[in-house]
Amino acid sequence: MTFYYKTKETMIKMRVEKYMKQKRKRKLIFETALSILILLAIVSGAAAGYYGSKVLSFLDHISEEAPQSEEEIVQKTSQIKNTEPFSVLILGIDEEDEGAARSDTIIVATLNPKEESMKLVSIPRDTYITLPDGRREKINAAYASGGSLLAREMISNYLDIPIDFYASLDFDGLIHLVDAVDGITVNSDLEFTQDSHEFKKGYQLIDGEAALAYSRMRKKDPRGDFGRQDRQKEVIVSILKKLNSTKSVTHFNEILGAIGPNLKTNARSEQMVGMALNYSSVLKNIDQITLDGEGRKAYFPSYDLDLYVWEADEFALLELQNDLKDHLDIRPSSNMAPNKATIIQ
């Protein structure tokens with residue numbers, strides 16, 4: 001067995017160079033990363049009050065009738081009631097391009113209320129996998145081939161953990177949500193212009209369109225994608241602070257209107273109410289995890305093209321799998337190398 005060691009500085013430089021070379025449009029982490037937790041904030045702020053009936057109606061509206069056995073529904077409801085850790089697959093759906101929609105943002109969130117923490121793992125959309133029909137594809141094609149259920153299955157196999165729930169949100173919902181809470185405050189460490197929006201150093205109040213531009217900027221940041229990720233996290237936290245404030249109740253109808261048409265989940269209304277009551281403490285510690293890997297070209301017979309694909313470092317993937325299992329109170333694997341049956345290549 002051979003191990004490769006890199007200095008921290010070298011690894012950062014390599015990552016920045018890799019991201020700067022990728023010339024493709026990407027959906028933003030912040031547009032979907034907390035779609036379930038946005039519901040937590042809304043429900044915990046209003047479920048017991050005047051808007052309680054509206055909340056329950058809203059939750060029923062966004063809940064999809066995914067094929068689940070009665071036993072599975074009871075098990076997951078009990079899991080939430082007993083405040084056990086659970087996982088959520090969060091998909092940002094790109095429906096702008098011609099043809100089938102693909103999940104251009106793929107995030108797995110694990111929530112552990114006893115540790116009062118949440119882990120967010122972003123899976124690159126170009127991750128190279130094998131679909132059940134034997135075709136080699138990028139992982140974002142799973143949604144195009146079989147919707148949220150196939151995406152859930154493939155990502156569960158890839159990370160070697162159960163995926164309890166999924167949620168999908170399209171792009172427009174985030175912009176409307178920021179506007180519904182009368183904007184958010186950010187603290188920029190740079191002065192820059194992005195998409196016709198000018199940002200100064202320091203604190204400033206921004207609307208939904210500006211929040212998108214603020215989170216999108218990468219090329220003008222010396223830290224490249226790492227700087228962008230920090231801004232995305234800042235936007236997430238700012239939104240949550242607004243949603244958790246007592247003032248957000250005065251914008252309740254606007255908030256529901258902003259995310260209602262754009263959010264779908266397999267969680268049932270009673271399960272989401274349980275999340276609101278039992279899991280809001282996970283917002284105290286949000287850990288964003290980056291998976292190491294590298295890109296290359298691969299031939300796709302269906303397109304007759306060589307396309308960019310991304311593959312995780314196998315030991316980094318094993319470490320991530322065990323970290324998530326530990327956070328979900330699942331026994332981590334004792335293998336020294338990844339199980340090839342659980343890593344789809």
Side-chain angles (χ1 to χ4, degrees), residues 11 14-29 31-33 87-94 97 100-110 119-163 166-168 218 225-226 228-229 232 288-303 305-325 337-345:
M11 291 179 68
M14 291 174 63
R15 291 175 184 171
V16 170
E17 290 177 349
K18 178 182 68 177
Y19 280 112
M20 294 300 288
K21 290 179 181 178
Q22 294 174 359
K23 303 293 185 180
R24 63 190 189 276
K25 177 183 174 184
R26 300 177 66 87
K27 289 291 180 180
L28 303 175
I29 290 177
E31 74 183 78
T32 54
S87 61
V88 183
L89 168 63
I90 305 158
L91 302 170
I93 307 305
D94 181 4
D97 297 332
R102 295 196 177 206
S103 51
D104 274 1
T105 295
I106 304 170
I107 293 172
V108 172
T110 58
K119 294 183 183 293
L120 294 176
V121 180
S122 181
I123 301 176
R125 66 178 186 175
D126 296 310
T127 300
Y128 204 32
I129 63 167
T130 301
L131 295 173
D133 61 8
R135 287 184 296 120
R136 302 296 301 276
E137 258 292 3
K138 299 182 181 184
I139 201 166
N140 67 340
Y143 181 87
S145 298
S148 298
L149 292 179
L150 180 58
R152 174 188 178 188
E153 176 188 348
M154 302 305 291
I155 293 164
S156 176
N157 288 340
Y158 185 72
L159 294 178
D160 198 25
I161 61 170
I163 301 293
Y166 67 78
S168 64
R218 170 174 56 90
D225 206 62
F226 296 99
R228 180 171 67 171
Q229 290 176 11
Q232 291 170 352
Q288 293 196 61
I289 301 173
T290 301
L291 182 59
D292 291 331
E294 60 183 17
R296 65 178 177 86
K297 291 284 189 177
Y299 178 70
F300 287 74
S302 56
Y303 309 126
L305 291 173
D306 288 322
L307 300 176
Y308 174 90
V309 297
W310 185 90
E311 292 180 301
D313 175 84
E314 62 177 10
F315 291 101
L317 181 57
L318 176 62
E319 183 179 9
L320 172 62
Q321 290 172 343
N322 287 339
D323 187 25
L324 295 180
K325 289 175 186 176
N339 183 342
K340 296 301 181 183
T342 61
I343 300 177
I344 304 171
Q345 295 183 336

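The basis for the numbers below is simple: all heavy atoms, side chains too, and nothing from hydrogens, waters or symmetry mates. Count residues from 1 along the sequence.
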Where Lys119 and Ile289 come nearest, the two heavy atoms and their spacing:
CD-CD1, 3.9 Å
Where do Val121 and Asp323 land on the side-chain contact (heavy atoms from CB on, under 4.5 Å) test, with the steps shown first?
CA-CA 11 Å; Val121 180; Asp323 187 25; over 6 Å; no
Minimum heavy-atom distance between Ser156 and Ile161, given as atom pair plus value:
OG-O, 2.6 Å
Should Phe300 and Glu137 be marked as a side-chain contact (heavy atoms from CB on, under 4.5 Å) after you check the CA-CA gap, both sets of side-chain angles, and the distance that decides it?
CA-CA 8 Å; Phe300 287 74; Glu137 258 292 3; 3.8 Å; yes
CD1 on Ile107 to CD1 on Ile155, rounded to 0.5 Å:
10.5 Å
Between CG of Leu317 and CG of Asp160, what distance do you get to the nearest 0.5 Å?
9.0 Å
Give the minimum heavy-atom separation between Val309 and Ala298, together with the two atoms involved.
CG2-CB, 3.9 Å
Rounded at 0.5 Å granularity, tell me how far CG in Asp292 sits from CZ in Phe315.
13.5 Å
Hey, what do you get for CZ (Arg135) to CD1 (Ile129), rounding to the nearest 0.5 Å?
9.5 Å
Apply side-chain contact (heavy atoms from CB on, under 4.5 Å) to Ile106 and Leu89, showing your working.
CA-CA 7 Å; Ile106 304 170; Leu89 168 63; 3.9 Å; yes
Looking only at heavy atoms, which two atoms of Lys138 and Arg125 are closest? And how far apart?
CB-O, 3.6 Å
Minimum heavy-atom distance Ala142-Ala151, with the two atoms named
CB-CA, 3.9 Å
Closest contact, heavy atoms only, Tyr308 versus Lys297
N-CD, 4.0 Å
Run the side-chain contact (heavy atoms from CB on, under 4.5 Å) check on Ile123 and Leu291 step by step: do they pass?
CA-CA 8 Å; Ile123 301 176; Leu291 182 59; 5.9 Å; no
